[in-house]
Structures are given as structure tokens and as C-alpha cells.
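Contents: one structure, followed by commentary.
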Amino acid sequence: MLDIRLIRENPDRVVERLKTRGKGDEASVARILEVDGLRREVIVEVEKLKAERNAISKEIGGRKSRGEAADDLLAGMKEKSDRIAELDGKQAELDERQRDLLLQVPNLPHADCPLGLDAAANPVVKTFGEKAGFDFEPLDHVALVEKLGLVDFKAGATLSGSGFFVFRGAGARLERALLNFLLDLHTREHGYTEIFPPFLVRESCMVGTGQLPKFREDMYHLEGEDLFLAPTAEVPVTNLHREEILAREQLPIKYAAYTPCFRREAGSAGRDNRGMIRVHQFDKVELVKIVEPEKSYQELEILRSHAERVLELLGLHYRTIELCSGDMGFGAAKCYDIEVWAAGSKSYLEVSSCSNFEDFQARRMNLRYKTEDKKNVFCHTLNGSGTALPRLFVALVENGQQADGSIRLPAVLHSYFGAGEIR
RNA sequence: GGAGCGGUGGCUGAGUGGUCUAAAGCGACGGUUUGCUAAACCGUUGUAGGGUAAAACCUACCGGAGGUUCGAAUCCUCUCCGCUCCGCCA
């Protein structure tokens, strides 16, 4: 959520920055300012009336306690109170309208963010390794996992519908091995505190991290209960500190959490619907940071390096791209995507998205810290996948395949998996 | 699911309709005194919004939302959260 004062004081700058996203969001700035103006007019009037009422009530109290009559003061008070109630109602309505509008406005892209309207304008900022070479035609993961019995797509469809799958045998074991590897890496070597949160969260948490109110149709919602299935651990983990004022010494806070992620993927029917690339439930280890504002961009670079390290340890070729203004997610001010090469699919798969939200989420969830000079200031929040699993699984399977159909695993996984290859 | 008890400032905790401008204590911060520390004494001490050139100042906030009243921390209704016990349960 943007600061209403920023919009009030620098509307032109806000409009100019929102335009770089290319989604027409700047149109709401004028409406927000209009509501804000009306709102402040009402506030000035109602507070003046309240001050008068308070003064008269106090005088009435004083007289009554001395046993004096106060009828002259009581006259007209009822009308005054009714008018106050009326204006209070009007103000509440305007407050709500203003908040509704503000919650729909995306974050302002950072000044460094490359300008552009879609993925074509995203610069590659780093590449690691090279595409694996094969002296045979590599298969894609669907063929490989079915041949080896690692994943059962049909069973997933039977149980839950399309977009769900079942790991079996060595496939399930590899998934579990990867989770352990990732959590160990981030907690032991990168200094994150492990969190295992609830997978169901309140609406207020979904608003806090920015999924709601705008993206409701992408979320699973429980019938009869006001709970949502978390689409990412970002939601429960970042909201761990909602409505808090943290001590400066607590920062930076660094959390790593495994959760399954639930996404309806409404509107993307037919896209990537083969295999495990785009599914309704998948596993992910997420990294979340809560930091001081001055340090958030430096923390973003570190966060990104932690996600990249996963692929480097696994020996997987990847590229990191910087998202341009028009391709960034709703809450991000700056964002990197990390894409791993999958030799069978012959494509780069997004396995991590590392974002700095600045104070966008913190303002929504009222997450602050006390500065050295005792001011309460919104924290900056960041998160990045470290990493998403099914696509990592795909890359390992496709890049590790051998001519006989077996799969060779990177050395760091051997102890986790209990073997060096799957056959 | 049932019954009961609670929710007040950074913390403890008083407060059953009118100077509540929320007592008192603790803590924290500043000061005086002091060889140093401690003690003692004095003072300060929340959040948000509005307002102003800046101030002054004003408003709201006692879990949340409504209501009663000229006036609500206090009375009423609903609700959320916590704790205890019972039932059920992996």
C-alpha cells in the first residue's frame, strides 16, 4: 500500500511511476485524491463539533457535581450529537473507500528498475554454467518420471483433478531429500531461522502480503470459514510480525520455511498444463527477510545470492533476469527471477522470484520498528523462493538423464537421497 | 461442541456514568547531588489522525464492532482472542 501522504504531496511522481507498469493503475490517483479531500473536510468539521461537545459536557459535569442546574447547556446537545454521528458515518465511509482504492494500487517500481512492458524487456543479469550436452536426444520430464515411476499424473487427476500429481517411491524420496537439503542449506549456512507455519491463513494476512483484495480468484478459500490456503509461505511467515513494533536489534529477521503452495491458476488454463510445470499444489522453501529500510537493497542482493547458491550447489545451469517495470508483481519495487535450464523441455524454468517490497507490505500489515531516535517506522520486507520444488525436480531429472533412462543426481544430494542415481 | 473466567499504557495493576486530562508501582530516559557505582530527590515518558509556514492546538484510541446517554474504560448487544475444566479426537 502506498502512503497517502506521498500521493497527496507528490501526485505527479506517483502517476509517472505507476505509468511505467503499463497497466493503467495511475487512473486511481485522481480518485484517491478526491476522496482524500472530501475526507479531510469532514474530519475538520466533525472534530470541531466534538471539541465543542466535550467542553459543554465537562461544564455540565462540573455543575451537576455542585448541584447546580444545567438545563441551558443541555439544550441543543442532542442535535449536536446527532450531527456528529452523521459526520462520523460519512467519515467512516470515506475512510473505507480510500483504503479500498489504496489496496488496489500496486507498488511503485524502484528508480533502478528497467523500464518495459513485458518479459521481452527483462535483462539477463547473470548466467551460471552451461546447457548440459547430450549424445542422445534428451526426454522431457513427463516421459522420464513416468518411465521410472516417480510421478503419477493419472492418480493426481483421479484424486483431485487436473493440475495435481502424486509422487511415488524414489520420486517421493527425492522430493523429501530436496526439502531437507534446501532447509539445511539456508538454516545452517545462510543463517535463516526455520519456520513451519500453518498452511491456512486469515483474510487479513492475505491482505497484508498483497494477494488480496485484488487476486481473490487465484486463491483457494474454505467454504464456511474465513480461511485461505496459503499460495506461498510468504503469507504466513511475513505476517508473523504483523501489527508489531520491533526493536531495532531484532533486525534483520531472516526466516526460511517449507510449505506446500496452493494456487488456483485461474485464467492460465491451457498454459504449461503438461507435467509438473504449473500445478495447483507444489512444495517450496521460501526465504523471508524483515529489514531496516536503508539496507533493503543490499539485502535483496544477498537474498538473490542465497537462491542462486541452490542451483550452483546442484550444478544446474541458470540465468538470473531482472524484471522490468511492466513485468513485476503487484507488490514488488524490484524483482529478480532465477530460471533454471531444463534440457528435455529445452526451456528455462522460473524456480525463484526474489523481491524487495520496500514498505508496501509492512504498511498493509502495520509492521514497524523503533529507530535509534525512537521513531516508529515501517520495515522493509523481502522474499524469495529458495527454491520452488517441482521445477527444480524437473531440471534435475531432465539434466541428469542418461542414455539408459536412469538419472544421475548431483553429489550434494547423495546423502539426502541415499543413492547417487535413480534407475 | 459445552461451561466458566479474563482482555486497561513498555510491564504489573486500580478504576461500576460527569475535572479520567486513566491512580499507583515498576521500567526507561533526562537532570541535581556524587571520587566511581549505587541510593535519594526532581522532571519526562504511548499510538494514530487532523491542523499550522512552523508552532500552538484539536480529535480518536482502555481487544473489535454496534447501541443507550447531553456525556461511556464504566451500562447493553454482538463479535474476536486468551486461559481453565468437560466432551470428542490423531
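In what follows, every chain begins at residue 1, and chains take the letters A, B, ... in the order their sequences are listed. Owing to the predicted nature of the structure, the values given are computational and were not obtained by experimental measurement.
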Inset, instruction - Just say parallel, tilted or perpendicular for the rings of Phe199(A) and Phe196(A), cut-offs at 30° and 60°. - result: tilted
Legend entry - G18(B) versus C76(B) - spacing of their P atoms, nearest Å: 16 Å
Inset, instruction - With heavy atoms under 4.0 Å as the rule, sort Ile43(A) into base, sugar-phosphate or nothing. - result: sugar-phosphate
Inset, instruction - Scan Arg363(A) against the nucleic acid and name what it touches under 4.0 Å (heavy atoms): base, sugar-phosphate only, or nothing. - result: nothing
Legend entry - Nucleotide paired to C41(B) in any strand shown, Watson-Crick or G-U, under 3.5 Å: G31(B)
Legend entry - Nucleotide paired to U68(B) in any strand shown, Watson-Crick or G-U, under 3.5 Å: none
Legend entry - Candidate nucleotides G50(B), C70(B), U59(B), ranked by approach to the side chain of Ser57(A) - the nearest: C70(B)
Legend entry - C1' spacing across the pair A54(B) / G66(B), given as an integer number of angstrom: 40 Å
Legend entry - Nearest to side-chain heavy atoms of Asn376(A), which nucleotide of G18(B), A48(B), G51(B): A48(B)
Inset, instruction - Would you mind pulling out the nucleotide paired to G87(B), Watson-Crick or G-U wobble, both distances under 3.5 Å? - result: none
Legend entry - N or O in side chain of Arg5(A) less than 4.0 angstrom from A48(B) OP1/OP2: no
Inset, instruction - Could you give the distance separating C62(B) and G46(B) at their C1' atoms, to the nearest angstrom? - result: 13 Å
Legend entry - For U59(B), the Watson-Crick or wobble counterpart (both distances under 3.5 Å): A48(B)
Inset, instruction - Using atom CD1 of Ile245(A) as one end and atom C1' of G10(B) as the other, report the distance to the nearest whole Å. - result: 10 Å
Legend entry - Out of G50(B), U21(B), G18(B), whichever nucleotide has its closest atom nearest the side chain of Arg39(A): G50(B)
Legend entry - Whole-Å gap separating C1' (G50(B)) and NZ (Lys50(A)): 11 Å
Inset, instruction - Using Watson-Crick or G-U wobble geometry with both distances below 3.5 Å, tell me the partner of C81(B), or none. - result: G6(B)
Legend entry - Lys64(A) side chain, from C-beta outward: closest of G49(B), G51(B), G18(B): G18(B)
Inset, instruction - In whole angstrom, give me the gap between the P atoms of G9(B) and G15(B). - result: 16 Å
Legend entry - Gap between atoms CE and P, on Met77(A) and U69(B) respectively (whole Å): 14 Å
Inset, instruction - Counting Watson-Crick and G-U wobble pairs only, both distances under 3.5 Å, name the nucleotide matched with C20(B), or none. - result: none
Legend entry - His141(A) and Phe153(A) aromatic ring geometry - parallel, tilted or perpendicular at 30°/60° bounds: perpendicular
Inset, instruction - Scan side-chain atoms only and decide if His380(A) and Glu358(A) contain a donor-acceptor pair under the 3.5 Å cut-off. - result: no
Legend entry - Greater than 12 external heavy atoms within 6.0 Å of Glu96(A)'s CD: no
Inset, instruction - Hey, which sits more toward the 5' end of RNA chain B by its nearest nucleotide, Ala55(A) or Ile4(A)? - result: Ile4(A)
Inset, instruction - Determine the Euclidean distance between corresponding P atoms of C11(B) and A90(B); express it in Å to zero decimal places. - result: 40 Å
Inset, instruction - Counting heavy atoms from C-beta on, name the nucleotide in G18(B), U59(B), G71(B) closest to the side chain of Ser81(A). - result: G71(B)
Legend entry - U74(B) versus C61(B) - spacing of their P atoms, nearest Å: 10 Å
Inset, instruction - Under a 3.5 Å limit for both distances, which nucleotide forms a Watson-Crick or G-U wobble pair with G25(B), could you say? - result: C11(B)
Legend entry - Distance, rounded to the nearest Å, where Lys78(A) contributes NZ and U69(B) contributes C1': 8 Å
Inset, instruction - To the nearest 0.5 angstrom, please state how far the CG atom of Leu108(A) sits from the CG atom of Leu6(A). - result: 6.5 Å
Inset, instruction - Indicate whether OP1 or OP2 belonging to G49(B) is found under 4.0 Å from a side-chain N or O atom of Arg8(A). - result: no
Legend entry - Arg40(A) side chain near G51(B) phosphate (N/O to OP1/OP2, under 4.0 Å): yes
Inset, instruction - Considering only atom P, compute the distance from C78(B) to C83(B) and round it to an integer number of Å. - result: 23 Å
Inset, instruction - Answer yes or no: does a side-chain N or O of Asn54(A) lie under 4.0 Å from OP1 or OP2 of U59(B)? - result: yes
Inset, instruction - With P as the reference atom in both, quote the distance from G27(B) to C81(B) in angstrom, rounded to an integer. - result: 36 Å
Legend entry - Option among Lys289(A), Lys295(A), Glu292(A), Glu299(A) that satisfies the side chain to side chain contact (heavy atoms under 4.5 Å, CB included) test with Pro252(A): Glu299(A)
Inset, instruction - In whole angstrom, give the distance that lies between atom CD of Glu47(A) and atom P of U52(B). - result: 12 Å
Inset, instruction - Could you state the atom-to-atom distance from CZ of Arg53(A) to P of U69(B) in whole Å? - result: 13 Å
Legend entry - Given RNA chain B, 5'-ward residue of the pair Arg202(A) and Lys48(A), judged by closest heavy atom: Lys48(A)
Inset, instruction - In whole angstrom, give the distance that lies between atom CG of Asp88(A) and atom P of U59(B). - result: 13 Å
Legend entry - Nucleotide G67(B), atom P - distance to CD1 of Ile84(A) in whole Å: 14 Å
Inset, instruction - Could you check which of C81(B), C70(B), U47(B) has an atom nearest any side-chain atom of Lys370(A)? - result: U47(B)
Inset, instruction - Please work out whether the ring planes of Phe167(A) and Phe393(A) are parallel, tilted or perpendicular, with thresholds of 30° and 60°. - result: tilted
Inset, instruction - Report the relative orientation of the aromatic rings in His190(A) and His186(A); use parallel for angles under 30°, tilted for 30 to 60°, perpendicular for over 60°. - result: tilted
